[in-house]
Amino acid sequence: MSATPKTLLTPQDVADRLGVSTTTLSTWRCTKRYPLPYVKVGRLVRYRLADVEDFELNRLQEMAANDN
């Protein structure tokens with residue numbers, strides 16, 4: 001199965017991708033610390049691939065010429 005922008009990812013998938021724990025993702029959801037949208041169906045939490053990619057792009061840091 002190939003990933004499309006509408007692909008739903010598990011919290012573990014997203015945690016692995018971002019290099020954080022699933023507990024961190026849970027904290028972000030509860031505190032709304034970061035605007036990472038999620039889909040909730042019953043007790044299941046899923047993330048849309050497109051939203052995760054947007055989240056990553058919005059946090060992309062440009063390197064200034066004097067940064068080392």
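Hydrogens, waters and symmetry mates are skipped; everything else that's a heavy atom, side chains included, is used. Counting begins at 1 with the first residue of the sequence.
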Side chains of Arg48 and Thr7 in contact at under 4.5 Å (non-hydrogen atoms):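 Sidechains of Thr7 and Arg48: no contact.
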Intermediate values then yes/no, side chain to side chain contact (heavy atoms under 4.5 Å, CB included), Leu36 and Leu25: CA-CA 9 Å; Leu36 180 56; Leu25 289 177; 4.1 Å; yes
Other residues, nucleotides, ligands: >12 heavy atoms within 6.0 Å of Arg59 CZ: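 More than 12 heavy atoms, drawn from other residues, nucleotides or ligands, come within 6.0 Å of this atom.
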Under 3.5 Å side-chain donor-acceptor pair for Thr24 and Thr27: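 There is no such pair between these side chains.
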Gap between atom CG of Asp51 and atom CD of Glu56 - 0.5 Å precision: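 CG of Asp51 is found 11.5 Å from CD of Glu56.
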Verify same cluster id: Val41, Leu8 (apolar side-chain graph, 4.5 Å):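 Same cluster.
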side-chain hydrogen bond (donor to acceptor under 3.5 Å, both in side chains) involving Tyr47 - partner list, sequence neighbours excluded: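 Partners of Tyr47 by the side-chain hydrogen bond (donor to acceptor under 3.5 Å, both in side chains) criterion, ordered by chain and then number, come out as Arg29.
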Parallel, tilted or perpendicular, as decided by the 30° and 60° cut-offs, for the rings of Phe55 and Tyr34: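 Because their plane-to-plane angle is over 60°, the rings of Tyr34 and Phe55 count as perpendicular.
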Shortest non-hydrogen contact from Ala15 toward Ser21: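 Shortest heavy-atom separation between Ala15 and Ser21 comes out as CB-C, 3.8 Å.
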